[in-house]
Enquirer: 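My questions all concern the structure below.
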Number of protein chains: 2
Amino acid sequence: MNIQQAATASGLTVKTVRYYDDIGIMKADRRANGYRDYSAESVHKLAFLQRARSLGFSVDDCRQLMSLYDDKDRASADVKALAQIRIDDINRKLAELNSLKLTLTSLVTACKGDDRPDCPILEDLAGGHQ
Amino acid sequence: MNIQQAATASGLTVKTVRYYDDIGIMKADRRANGYRDYSAESVHKLAFLQRARSLGFSVDDCRQLMSLYDDKDRASADVKALAQIRIDDINRKLAELNSLKLTLTSLVTACKGDDRPDCPILEDLAGGHQ
DNA sequence: ATAAGGGTTCCAGTTACAGGAAGGTCAAGA
DNA sequence: TCTTGACCTTCCTGTAACTGGAACCCTTAT
């Protein structure tokens, strides 16, 4: 299977598939003419990568997930631990974003948003909360 | 004031302050010996940048905020609009992260996390949701 | 004179690709 | 057979916002 078809089938871009080959996370076979060649199993692994990336795992995380996936003797606890770390990340980001949102929302509420130059947002940015 | 002191006073790192000088968002004065020199007002602007960045404004947003800040005839509506865009961004990210969290949490819950190789997380990544 | 602790510039590395140039390959039609 | 167009290849650059480090200059104190 050509790279284009592999990309389409796995939900990735051609650029990304080539990149995954370059960094060695998903090596492609080569035909005599140098073209990359993807088997059904390779496409499956690419789709695995696509899904893992879309769930916010880093490419490095994916490297680990892939080796766990390939290891038929793995312990599911190892995978669970990786996923839990991701959840913790997400929780941290959620907390941070919620706090940002609160601050910005209160600023926007305080700002009249008219033609005059008084602006509580700029005042706050300039040091109101030091 | 030396760069070190300016950095400390504004809550930035020396590297960052130098970077802001390089990209022109906050140009420093220079002494005869070539050292950067920061006035109280410069430090104030650096602190403004620090606060805006910590609220999730991009450096490019900050460029606009700075010019609005410097412009005494600005309309506060302009600033309000920028802040609103940021809030919308944040809402989008919150929704995305919440959805990720739901998925990961249900996977982690389904995974026994023991020594055996059966792992719903890997199964899902491998195509459970196609 | 020298050593410590500033400062300077410039270059590489980070993440996960995207864009684009230059050129090789393949299948089909005139 | 030649050409055309759609593929494919590698390689280089750029992205955002810095960080780390090398090589070197300046200042101050001992």
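Residue numbers begin at 1 in each chain, while the letters A, B, ... track the order of the sequences. Values below: every heavy atom of this structure, side chains too, minus hydrogens, waters and symmetry copies.
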Enquirer: Under a 3.5 Å distance rule, please check whether R53(A) uses its side chain to pair with a backbone N or O of F57(A) as donor and acceptor.
Expert: yes
Enquirer: Just checking R31(A): base, sugar-phosphate only, or nothing, at a heavy-atom cut-off of under 4.0 Å?
Expert: nothing
Enquirer: Does D114(B) pair with R116(B) as a salt bridge, N-O distance under 4.0 Å?
Expert: yes
Enquirer: Reading DNA chain C 5' to 3', which nucleotide is the first, and which the last, to come under 4.0 Å of any heavy atom in chain B?
Expert: dG6(C) to dT9(C)
Enquirer: Are a donor atom and an acceptor atom from the side chains of D88(B) and Q84(B) found within less than 3.5 Å of each other?
Expert: yes
Enquirer: Could you tell me whether R30(B) and D21(B) make a salt bridge, using a distance below 4.0 angstrom between a side-chain N and a carboxylate O?
Expert: yes
Enquirer: When you measure from the side chain of R36(B) to the backbone of A28(B), do you find a donor-acceptor pair of N or O atoms at a distance under 3.5 Å?
Expert: no
Enquirer: Is there a residue in residues 2-23 of chain B whose heavy atoms reach under 4.0 Å of DNA chain C, and which residues are they?
Expert: N2(B), I3(B), Q4(B), R18(B)
Enquirer: Would you say N98(B) has more than 12 foreign heavy atoms packed within less than 6.0 Å of its CG?
Expert: yes
Enquirer: Inspect the contact between K45(A) and D70(A) and indicate whether a charged nitrogen and a carboxylate oxygen are less than 4.0 angstrom apart.
Expert: yes
Enquirer: Check for a donor-acceptor pair, side chain of R86(A) on one end and backbone N or O of L55(A) on the other, with a separation under 3.5 Å.
Expert: yes
Enquirer: Checking D71(A) side chain against S67(A) main chain: does a donor-acceptor pair fall under 3.5 Å?
Expert: no
Enquirer: Is D124(B) salt-bridged to R51(A), cutoff N-O under 4.0 Å?
Expert: yes
Enquirer: Reading DNA chain D 5' to 3', which nucleotide is the first, and which the last, to come under 4.0 Å of any heavy atom in chain B?
Expert: dA17(D) to dT27(D)
